[in-house]
Number of protein chains: 2
Amino acid sequence: MARPQRRTVRDIRRGNRAVLLRALYFSGPTSRNDLTARTGLSAATVSTMTADLLGENIVVEAGQVESDGGRPRVLLRVNPEYGFAVGVDVAETHVRVGLFDLEMTERAKVDYMLRPARHDPELIARHILAGVDVVLSDAGVSPEQVLGIGVGVPGIVEPGADGVIHAKTFGWDGVPLGALLRRGTSLPLYVDNGAKTMGQAELWFGSGRGASEAVIVLLGVGVGATIVADGTTFRGVSSSAGEWGHTKIVANGRPCRCGGRGCLEAYVGIEAILDRAGVASRGDWEEDLAGVLASKSPVVEETVTYLGVGLANLVNLINPEKIVIGGWVGVQLGESLLPDIRRATAANSLAEPYAATSIVLGRLGPDAVALGAATLVLEEFLNAPQVARITAAG
Amino acid sequence: MARPQRRTVRDIRRGNRAVLLRALYFSGPTSRNDLTARTGLSAATVSTMTADLLGENIVVEAGQVESDGGRPRVLLRVNPEYGFAVGVDVAETHVRVGLFDLEMTERAKVDYMLRPARHDPELIARHILAGVDVVLSDAGVSPEQVLGIGVGVPGIVEPGADGVIHAKTFGWDGVPLGALLRRGTSLPLYVDNGAKTMGQAELWFGSGRGASEAVIVLLGVGVGATIVADGTTFRGVSSSAGEWGHTKIVANGRPCRCGGRGCLEAYVGIEAILDRAGVASRGDWEEDLAGVLASKSPVVEETVTYLGVGLANLVNLINPEKIVIGGWVGVQLGESLLPDIRRATAANSLAEPYAATSIVLGRLGPDAVALGAATLVLEEFLNAPQVARITAAG
DNA sequence: GTGCTTGTTTTCGCCTCTGAACTAAGATGA
DNA sequence: TCATCTTAGTTCAGAGGCGAAAACAAGCAC
């Protein structure tokens, strides 16, 4: 019952332009000749379209490749400085603002520490807006060059222009962060859940690269997942799809901070692991977890088993070609225990879907949330590169 | 990272033709004038395109509506007899073959009983092929008029032309049912999991109508689900997505016939319910279940709770706008216990996604599997109505 | 019959793609 | 050195598509 939209001749141009630009972006420096092969477009179309893009400075030349006996190929690439994207990571303990060029190279960043339990929305909005100013001036980039601001936040983000957020751990229930930011900037805004922006980053630039059906799981303080269907993040009807951490793996099991019982997060979230291991944290969770892992406590094996159950449920239900385990807890667990995790997953999955899935570790570090947020801007740019840029007013 | 394909001018025509045909199909008799509004196409395009479709006999006139003071509107509709679709339901106890016209009115059907544990693939293929002949001659339809054959089967169906099936309960491991059928017919074949074809039927013609993000769950002997994303069935990388029945809701719980432990099916599948209630079945499961429901056994409440956990996991992970509970067990449970099922689901879901979901009962009876299988043919027809029909050879 | 209203068709201009002819730019070898 | 070959990229004419607007069709009201 998919509802395709009507199309007109111009949509073709827009669509093909996006196809071309994506090919150019993901293949690095490429000749027009290669592009005809990659996109399926005719040489004529590639020629006129690249001429347009060169004229708009979206694409630039990048040297030549001499060929054996013919005219050399001129290499083209997306101009990394055509525009910039801001990526913001709003986390428990800090707000991080990064400025990225179109190649997603970080040009500047700034952190604002948050006092625990000081998650006043106004304060965070001010940090973000101040951060944007700082990274722009640090990098010598003017607001007109910025294509947009992506923000990754905890909790559920309602679809819609106001970016309304429900984040229990922040005490946020219906905070319109997008609207708050809109007061201070007229740049395009993209607000999304942080697990999803991290997933976006791993999908585009990390271990998920090239996968079309994938799940990127985030194990940290919270537990979440990004479900990728047909190459794009699956959001569900109200944009909260992927709340894997609160799926139940033990009916009526351990209490979870969400108020429910038996949630996956209540077994494999960092607090749950430390709690079950009887570790009274002294503040450095990474060290604590390392201690638990080194201790050979039975809690480690249990955790792997529970994680395997959670992953197996994804395998059975989603049938992805790849599962990427990210988040610092995930990576720390995976570094030593990946084979065990795979085994535990296999033990709880159906054979056919398990055989179709590869389980790998995430490649990107803790900056992935901000990078992924910036990628939201990039995605928009690649899909609709012709949209007139909104000029910043403030 | 969605990979749009390049498009050419002709793709537009094909796409818009599909848009128009769908509008016509789902709006019933409609005037050209209405169609311009519904599709967004210009009156000119609608006019030329409907002329084509009328010429091809895909669309026919269906009377007029006099208007107040202007030229009357001529109503158009899809010609229900332009073509026919065969839908096949391969179940534990029988093979059912139905012939449907384009409006999905059943024109003829035939059943072949299967002896328990007599699931020889060759036999079943013979039944299907014989059934096709029977329904065609019963309805006086020639093979040239048939647009295709859809088959709903248990288990996992590999993507690909051979329709390779893995169905543990049938003892099938790699049975190429599609290839077996191909020997006896040259009509287009569509083989899919039966839970998915039932889901397709509920989505198009039952309680799921109009939903774009939905899950249709099937509770019967087996337990499965159809996940609908953006209006189409989500299949995952190897077409096995939706194996909800074998997701774990109790880590290390009750053993399941799949060999695993703690599967949802081991709690809410019919065999599990009867087993937990201590009922030694005398063969009529529907009656047995009715007995359990009437007995007010605590098993009923437990079952509701487990089902609620399973549904809540879907709510959290998939965030659908609608969950349709189908399958005979599901409907029998739901008829008296739907409010309790909703409550149990709410208790195990996050508030936001739960609030966005409505949980309803399936509307279609046991014929939904065959109907949905035929709908696979219809879907293809509506999406690509210009494809030349393959002439039947045998 | 004359105007009015609304539905449908036709005409015409513009846009997009493609195949084919054409131009560009270097390598090769006599 | 220069004609020839090879491969890359551009230009042009033609076909097919859509939409706006004009034209045509078919009733109603008076």
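A, B, ... follow the sequence lines: proteins, then strands. Residue 1 opens every chain.
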Under the side-chain contact (heavy atoms from CB on, under 4.5 Å) test against B/Arg22, which residue among B/Leu382, B/Val78, B/Thr39 passes?
B/Leu382

Taking for each residue the nucleotide of DNA chain C with the nearest heavy atom, is it A/Met49 or A/Arg71 whose nucleotide lies nearer the 5' end?
A/Met49

Ring geometry between B/Tyr25 and B/Phe205 (parallel below 30°, tilted from 30 to 60°, perpendicular above 60°)
perpendicular

Please determine if B/Arg7 and A/Asp11 form a salt bridge, counting it only when a charged side-chain N lies under 4.0 Å from a carboxylate O.
no

Considering non-hydrogen atoms only, spot the tightest contact between B/Val191 and B/Gly178 and give its length.
CG2-CA, 4.3 Å

Sub-3.5 Å donor-acceptor pair from the side chain of B/Arg77 to the main-chain atoms of B/Pro29, do we have one?
no

Determine yes or no for a side-chain-to-main-chain donor-acceptor pair under 3.5 angstrom, with A/Glu202 supplying the side chain and A/Ser207 the backbone.
yes

Just by modelled atom types, is the B/Ala23 backbone N or O under 3.5 Å from a matching donor or acceptor in the B/Arg38 side chain?
no

Donor-acceptor pair, side chain of B/Glu213 and main chain of B/Lys322, under 3.5 angstrom
no

Verify, without hydrogens or angle tests, whether B/Lys196 (side chain) and B/Gly372 (backbone) share a donor-acceptor contact under 3.5 angstrom.
no

Say whether A/Ser238 and B/Asn319, considering side chains only, have a donor N or O and an acceptor N or O under 3.5 Å apart.
yes

Side-chain (B/Asn79) to main-chain (B/Asn57) donor-acceptor, under 3.5 angstrom:
yes

Can any side-chain N or O of A/Thr48 pair as donor or acceptor with the backbone N or O of A/Thr45 at less than 3.5 Å?
yes

Nucleotide interval of DNA chain D bounded by contacts with chain B (heavy-atom cut-off, under 4.0 Å)
D/dG16 to D/dC28

Side chains of B/Ser142 and B/Glu144: any donor to acceptor distance under 3.5 Å?
yes

Result for 5'-nearest mapping on DNA chain C, choosing between A/Ile12 and A/Pro72, is A/Ile12

Not counting sequence neighbours, which residues clear side-chain hydrogen bond (donor to acceptor under 3.5 Å, both in side chains) with B/Asp101? List them please.
B/Arg107

Terminal contacting nucleotides, 5' and 3', DNA chain C versus chain B (heavy atom, 4.0 Å):
C/dT5 to C/dT18

Let me test you: for the helix from C/dG1-D/dC30 to C/dA30-D/dT1, what is the angle between the axes at its two ends (five pairs each), rounded to 10 degrees?
20°

Listed in order of residue number, which residues of residues 39-47 of chain B have a non-hydrogen atom at under 4.0 Å from DNA chain D?
B/Ser42, B/Ala44, B/Thr45

Applying side chain to side chain contact (heavy atoms under 4.5 Å, CB included) to B/Arg13 and B/Asp52, what does each step give before you reach the verdict?
CA-CA 12 Å; B/Arg13 187 68 164 185; B/Asp52 283 359; 3.4 Å; yes

Is there a residue in residues 28-38 of chain A whose heavy atoms reach under 4.0 Å of DNA chain C, and which residues are they?
none

